[in-house]
Undergrad: 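Please see the structure below; I have some questions.
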Amino acid sequence: MDDLKKCRVRFAPSPTGYLHIGGARTALFNWLTARNNCGTFILRIEDTDKERFVDGSIEQIMESLKWLGINWDEGPDCGGEYGPYIQSQRLEIYKKHVFQLVEQGDAYYCFCSAERLDKMREEQKSKGESTQYDRHCRNLTQKQIDENLKNNIPYVIRMKTPGTGNISFNDIIREEVTIPFENVDDQVLLKSDGFPTYHLANVVDDHLMKITIVIRGEEWLMSAPKHLLLYKYFKWTPPLFAHLPLLLNADRSKLSKRQNDVSVSDYKLKGFLPDAVVNFIALLGWNPGNDKEIFKVEEIIKMFDLRKCGKSGSVFDIDKLKWMNGLYIRELKKNNIDGLANLIRNYLIDNKFIDKDYDFGKIKQIAELTGNGIDSINDVSSFTKLLFDDAVNFSGEDAKTISVSENALKIKKVLIDELDKISELDKSNVNAVFKNVQNISGIKGKELYHIIRILISGSAEGPDLAGLILFLGKKGILKRLA
RNA sequence: GGCGCAUUGGUCUAGCGGUCCAGGACGCCGCCCUCUCACGGCGGAAAUCACGGGUUCAAAUCCCGUAUGCGCUACCA
């Protein structure tokens, strides 16, 4: 327990595009661990792969994190004691460290060409061996090295790995993990372009930034021995490790773009609420040990415990997210109708259903009207025809038939007459108007309201009729009856 | 192929040797509420706890195998 107190944790994305929902969960679990242990949460950008760098993605990742409510204490934008927090700005630091390793004899120059490496792997594969660097350059003489350097032959720096024996380490989530060194490659630490690989930069930065717990995805589990080895070579105390299970597609493959929306911004765009997304992904691989499922963020922070995380991957069930999002929307409708109305307003404006001047009171009515029936903000689109079109579109044959029935024609006529008598339809007179329609037409109850609904909305289904009537107002209803 | 990790209803999960012929939630079905759809409430179907062996008086829970899935196996992270 005390191991986690005052921890320093970090989320270290690569700026290769948007923030992946799986990355968001890793960030969240780091953040939660920091927040419930009086710890510090650090954002570090791992842009050591120039090829995969995507312009603007640092900003996009930060924006997505902020949207989710995940804030950081140290990072590229706000600085901190251990900056810079962008790896491409720390190149000299990595170089210094890697050459220290070379001097110590824990790392070495490798001049092998890509072609040789490819060929080597092909041969290994054809022989059914595991593909690993054959340590061709591990024992070059100083003379050979100097020669190659003088001839400007490109090189990388590789770490030395033992090749035999086992390494065991403790993972907060997986407990003891044992990996044979036989499977740990002489990993490249410094690339020929002078950039570090993940392994070097990660270890150096985690140490320099005083990270105490590394919380990351399971895909890193097999490289943990390399990292532990580096800590040993540098004579540093390694942090604690926690390898999170992966998020999966419905077919249990790793969550991918092919089958799911995978970027946080997709979910924002689709009308999900950040609190709902956070609540949902927090429950993927973690739960408080009881039946509670709906939490305020503060509650999650209070209850969160890395040690209670599961070990197996979780399928990302969008249906459950939708349900949960619907719950949050209804909660918002109940407690903060203006908040809901604002979200709906933004959606309506973005999709050109209304312009910026549109009456906010009307939008609140829309929020009231639709708030119980939508699972995402974007679902209001299914009401826009009803709310903004003057014409009635009959949704089916039944509705059309009823709309021209004898009773419907009678109601229609009476209703038009009654509306003509008043200047505007509002809360004060709406009951009286419909009472009159009932008395004059002689039709009442279910039948009356059902027919009115069909006459003005074209459908047997829809939002609360009284609310709809008030929203459309006298003018709207008359246009629809015409 | 090698290595590692995992395995409770379709899905997310509770469970840490007896209280479990397995609890909650999503989804699905039915009933109630209601002018309708939804919301909400109530109820139901759905798991031989992957399989096979142990250990134990007793196992979903501990151990060992097998199967399956996933991950890693790059000068990508």
Side-chain angles (χ1 to χ4, degrees), chain A residues 12-16 23 46-49 51-52 110 112-114 117-118 121 124-133 154-158 171 173-174 177-180 182-185 187-199 201-202 216-225 243 245-246 248 250-254 280 283-294 310-324 326-327 329-330 333 370-375 382 399 444-454 457 459-466:
Chain A
S14 296
T16 54
E46 306 212 327
D47 57 341
T48 55
D49 186 348
E51 313 256 305
R52 295 208 307 156
C110 169
C112 292
S113 65
L117 260 19
D118 284 346
R121 282 194 199 100
Q124 287 170 338
K125 230 176 227 169
S126 70
K127 278 192 257 171
E129 293 169 5
S130 62
T131 55
Q132 274 193 41
Y133 181 58
Y155 66 90
V156 301
I157 305 292
R158 287 180 185 272
D171 185 280
I173 293 171
R174 281 152 217 287
V177 178
T178 303
I179 293 164
E182 211 178 316
N183 298 293
V184 181
D185 205 353
Q187 182 63 236
V188 171
L189 297 177
L190 191 74
K191 307 183 220 176
S192 56
D193 64 0
F195 273 61
T197 57
Y198 169 88
H199 308 279
N202 195 262
R216 64 203 339 178
E218 188 185 347
E219 69 267 28
W220 295 109
L221 191 61
M222 290 299 275
S223 44
H243 288 93
L246 264 19
L248 312 174
D251 65 2
R252 303 205 77 85
S253 56
K254 192 171 165 181
F280 180 71
L283 255 15
L284 258 22
W286 170 82
N287 80 82
N290 55 41
D291 290 339
K292 198 168 155 65
E293 286 201 301
I294 306 301
K311 299 173 168 68
S312 55
S314 316
V315 172
F316 191 90
D317 180 7
I318 189 76
D319 280 341
K320 188 155 184 175
L321 205 209
K322 278 185 189 158
W323 161 78
M324 198 174 273
L327 229 52
I329 289 176
R330 275 166 249 137
K333 173 175 178 267
T370 60
N372 280 341
I374 56 176
D375 283 337
S382 59
K444 61 181 179 178
K446 276 193 182 201
E447 196 183 5
L448 174 67
Y449 290 108
H450 193 64
I451 288 175
I452 292 173
R453 170 181 292 285
I454 287 172
S457 79
S459 169
E461 304 167 5
D464 177 65
L465 188 58

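Quick caveat, the model's predicted, so the values are computed rather than measured. Order of the sequence lines sets the chain letters (A, B, ...), proteins ahead of strands, with each chain counted from 1.
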Undergrad: Rounding to the closest angstrom, what is the interatomic distance between B:C49 and B:G23 at atom P?
TA: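 It works out to 13 Å between them.
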Undergrad: Over how many whole Å does the gap from A:Asn287 atom CG to B:U8 atom C1' extend?
TA: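 Rounded to the whole Å, the gap is 13 Å.
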Undergrad: Take A:Leu246 and A:Arg174, find for each the nucleotide of RNA chain B with the closest heavy atom, and name the residue whose nucleotide sits nearer the 5' end.
TA: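 The answer here is A:Arg174.
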Undergrad: How close or far is atom P of B:A77 from atom CE of A:Met222, stated in whole angstroms?
TA: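 After rounding, the reported distance stands at 18 Å.
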Undergrad: Between B:G10 atom P and A:Asp317 atom CG, what is the distance in whole Å?
TA: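 In whole Å, B:G10 P lies 13 Å from A:Asp317 CG.
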Undergrad: Find the distance between CZ (A:Phe195) and CG (A:Leu190) and round it off to the nearest 0.5 Å.
TA: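 Taking CZ in A:Phe195 and CG in A:Leu190, the distance rounds to 10.5 Å.
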Undergrad: Between A:Asp317 and A:Lys320, does at least one N-O distance fall below 4.0 Å, as a salt bridge requires?
TA: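 Salt bridge absent between A:Asp317 and A:Lys320.
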Undergrad: From the list B:C70, B:C3, B:U73, which nucleotide is the closest neighbour of the side chain of A:Thr131?
TA: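 Ranking B:C70, B:C3, B:U73 by closest atom to the A:Thr131 side chain puts B:U73 first.
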Undergrad: Which base, if any, makes a Watson-Crick or G-U wobble pair with B:A59, both distances under 3.5 Å?
TA: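 Partner of B:A59: none.
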Undergrad: When you measure from the side chain of A:Leu221, which nucleotide among B:A6, B:U11, B:C5 comes out closest?
TA: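 My answer, after comparing the listed nucleotides, is B:C5.
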Undergrad: Which part of the nucleic acid, if any, lies within contact of A:Arg52, taking any heavy atom under 4.0 Å across all strands shown: a base, the sugar-phosphate backbone alone, or nothing?
TA: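 Since a base atom lies under 4.0 Å of A:Arg52, the category is base.
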Undergrad: State, to 0.1 Å, how close A:Ala460 and A:Arg453 come at their nearest heavy-atom pair, and which atoms those are.
TA: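 Closest approach of A:Ala460 to A:Arg453: O-CD, 3.4 Å.
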Undergrad: When we call it a touch if two heavy atoms are under 4.0 Å apart, what does A:Ser312 touch: a base, just sugar-phosphate, or nothing?
TA: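 The answer is sugar-phosphate, as A:Ser312 gets under 4.0 Å only of primed atoms, P, OP1 or OP2.
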Undergrad: For B:A67, which nucleotide in any strand shown is its Watson-Crick or wobble partner with both distances under 3.5 Å?
TA: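 B:U7 - that is the nucleotide pairing with B:A67, both distances being under 3.5 Å.
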Undergrad: Looking at NZ of A:Lys333 and OG1 of A:Thr370, how far apart are the two atoms once the value is rounded to the nearest 0.5 Å?
TA: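 Here the interatomic distance stands at 8.5 Å.
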Undergrad: What is the distance from atom CD1 of A:Ile451 to atom NZ of A:Lys446, rounded to the nearest 0.5 Å?
TA: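 Going from CD1 on A:Ile451 over to NZ on A:Lys446, the span is 13.5 Å.
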Undergrad: Would you mind reporting whether A:Arg330 and A:Asp375 have side-chain heavy atoms less than 4.5 Å apart?
TA: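 Contact flag for A:Asp375/A:Arg330 side chains = yes.
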Undergrad: Starting the side chain at C-beta, find the nucleotide from B:G23, B:G2, B:C70 nearest to A:Ser130.
TA: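 Selected nucleotide: B:G2.
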Undergrad: Taking atom P in both B:C5 and B:G10, compute the distance separating them and give it to the nearest angstrom.
TA: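 Looking at atom P only, B:C5 and B:G10 are 27 Å apart.
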Undergrad: Quote, to the nearest angstrom, the P distance that separates B:U56 from B:A46.
TA: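 Rounded to whole Å, the distance is 36 Å.
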Undergrad: Taking the C1' atom of each, how far is B:C31 from B:A47, in whole Å?
TA: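 Their C1' atoms lie roughly 26 Å apart.
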Undergrad: Between B:C35 and B:U48, how far apart are the two C1' atoms, rounded to whole Å?
TA: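 Result for the C1' pair: 49 Å, nearest Å.
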Undergrad: Under a 3.5 Å cut-off for both contacts, is B:A22 paired Watson-Crick or G-U wobble with anything, and if yes, with which nucleotide?
TA: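 When the pairing criteria are applied, nothing turns out to pair with B:A22, so the answer is none.
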Undergrad: If you draw a 6.0 Å radius around CD in A:Glu182, do more than 12 non-hydrogen atoms from other residues or ligands fall strictly inside?
TA: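 No.
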Undergrad: Once you apply a heavy-atom cut-off of 4.0 Å, does A:Ser223 come out as touching a base, just sugar-phosphate, or nothing?
TA: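 The residue A:Ser223 makes no contact with any strand.
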Undergrad: Would you say that more than 12 heavy atoms from the other residues, nucleotides or ligands in this model lie under 6.0 Å from the NZ of A:Lys292, or not?
TA: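 Enclosed.
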Undergrad: Of the options B:C3, B:C12, B:A77, whose atoms approach the side-chain atoms of A:Pro180 most closely?
TA: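 Minimum distance to the A:Pro180 side chain belongs to B:C3.
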Undergrad: On a whole-Å scale, what distance lies between the P atoms belonging to B:G1 and B:A60?
TA: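 Straight-line distance between the two P atoms is 33 Å.
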Undergrad: Please tell me which of the listed nucleotides, B:G24, B:C75, B:C12, lies nearest to the side chain of A:Val315?
TA: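 The closest nucleotide is B:C12.
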Undergrad: Can you give me the closest heavy-atom contact between A:Leu221 and A:His243, atom names plus distance?
TA: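 Residues A:Leu221 and A:His243, closest heavy atoms: CD1-ND1, 3.4 Å.
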Undergrad: Under 4.0 Å, heavy atoms only, any strand: does A:Gly285 hit a base, just the sugar-phosphate, or nothing?
TA: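 Result for A:Gly285 = sugar-phosphate.
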Undergrad: So, is A:Arg121 near the phosphate of B:U73, with a side-chain N or O under 4.0 Å from OP1 or OP2?
TA: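 So the side chain of A:Arg121 is outside the cut-off, no N or O lying under 4.0 Å from OP1 or OP2 of B:U73.
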Undergrad: Over all strands shown, is A:Lys125 touching base, sugar-phosphate only, or nothing at heavy-atom distances under 4.0 angstrom?
TA: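 Since no nucleic acid heavy atom lies under 4.0 Å of A:Lys125, the category is nothing.
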Undergrad: If I take atom CG in residue A:Leu248 and atom P in nucleotide B:U7, what distance separates them, rounded to the nearest angstrom?
TA: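 It works out to 12 Å between those atoms.
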Undergrad: Does B:C76 have a Watson-Crick or wobble partner in any strand here, with both distances under 3.5 angstrom, and which is it?
TA: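 The base-pairing partner of B:C76, which may sit in any strand shown, does not exist here.
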Undergrad: Which whole-number value in Å describes the distance from A:Glu293 CD to B:G27 P?
TA: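 A:Glu293 atom CD is separated from B:G27 atom P by 11 Å.
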Undergrad: Is there a donor and acceptor pair, one atom on the side chain of A:Ser192 and one on the base of B:C75, closer than 3.5 Å?
TA: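 Pair found.
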Undergrad: If you check the A:Lys254 side chain, which of B:C12, B:A77, B:C70 turns out closest?
TA: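 Side chain of A:Lys254 sits closest to B:C70.
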Undergrad: Looking at B:G43, which nucleotide sits across from it as a Watson-Crick or G-U wobble partner, both distances under 3.5 angstrom, or is there none?
TA: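 Pairing partner, where one exists within any strand: B:C29.
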Undergrad: Does B:C49 pair with anything, Watson-Crick or G-U wobble, both distances under 3.5 Å, and if so, with which nucleotide?
TA: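 Its partner is none (no Watson-Crick or G-U wobble pair with both distances under 3.5 Å).
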Undergrad: Restricting both atoms to N or O, compile the protein contacts to nucleotides 32-39 of chain B shorter than 3.5 Å, with distance only.
TA:
unit_1	atom_1	unit_2	atom_2	d
B:C35	O2	A:Arg453	NE	3.1
B:C35	N3	A:Arg453	NH2	3.1
B:C35	N4	A:Asp464	OD1	3.4
B:C35	N4	A:Leu465	N	2.7
B:U36	O2'	A:Ala460	O	2.8
B:U36	O2	A:Ala460	O	3.3
B:U36	O2	A:Gly462	N	2.7
B:U36	O2	A:Gly462	O	3.1
B:U36	N3	A:Arg453	NH2	2.8
B:U36	N3	A:Gly462	O	2.8
B:U36	O4	A:Arg453	NH2	3.1
B:C37	O2	A:Gly462	O	3.4
B:C37	N3	A:Gly462	O	3.3
B:A38	O2'	A:Asn372	O	3.3
B:C39	O3'	A:Arg330	NH1	3.1

Undergrad: Using the C1' atom as the reference point in each nucleotide, state the distance between B:A59 and B:C64 in Å, no decimals.
TA: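 It comes out at 15 Å once rounded to the nearest Å.
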Undergrad: Expressed as a whole number of angstroms, how long is the span from A:Arg216:CZ to B:C72:C1'?
TA: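 Rounding to the nearest Å, CZ of A:Arg216 and C1' of B:C72 are 12 Å apart.
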Undergrad: Would one find a side-chain N or O of A:Thr48 under 4.0 angstrom from OP1 or OP2 of B:A77?
TA: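 Result: yes.
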Undergrad: Going by the angle between their ring planes, with limits at 30° and 60°, are A:Tyr198 and A:Trp220 parallel, tilted or perpendicular?
TA: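 Ring orientation, 0 to 90° scale: parallel.
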Undergrad: In this structure, how many angstroms lie between the C1' atom of B:C26 and the CD1 atom of A:Ile294, rounded?
TA: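 Roughly 10 Å, once rounded to whole Å.
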Undergrad: Have a look at A:Val156 and say if it touches a base, only the backbone sugar-phosphate, or nothing, with a 4.0 Å heavy-atom cut-off.
TA: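 Base contact.
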Undergrad: Tell me the interatomic distance from A:Asp49, atom CG, to B:A74, atom P, rounded to whole angstroms.
TA: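 In whole Å, B:A74 P lies 15 Å from A:Asp49 CG.
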Undergrad: Can you work out whether A:Leu321 or A:Thr178 has the more 5'-proximal nearest nucleotide on RNA chain B?
TA: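 The residue whose closest nucleotide sits nearer the 5' end is A:Thr178.
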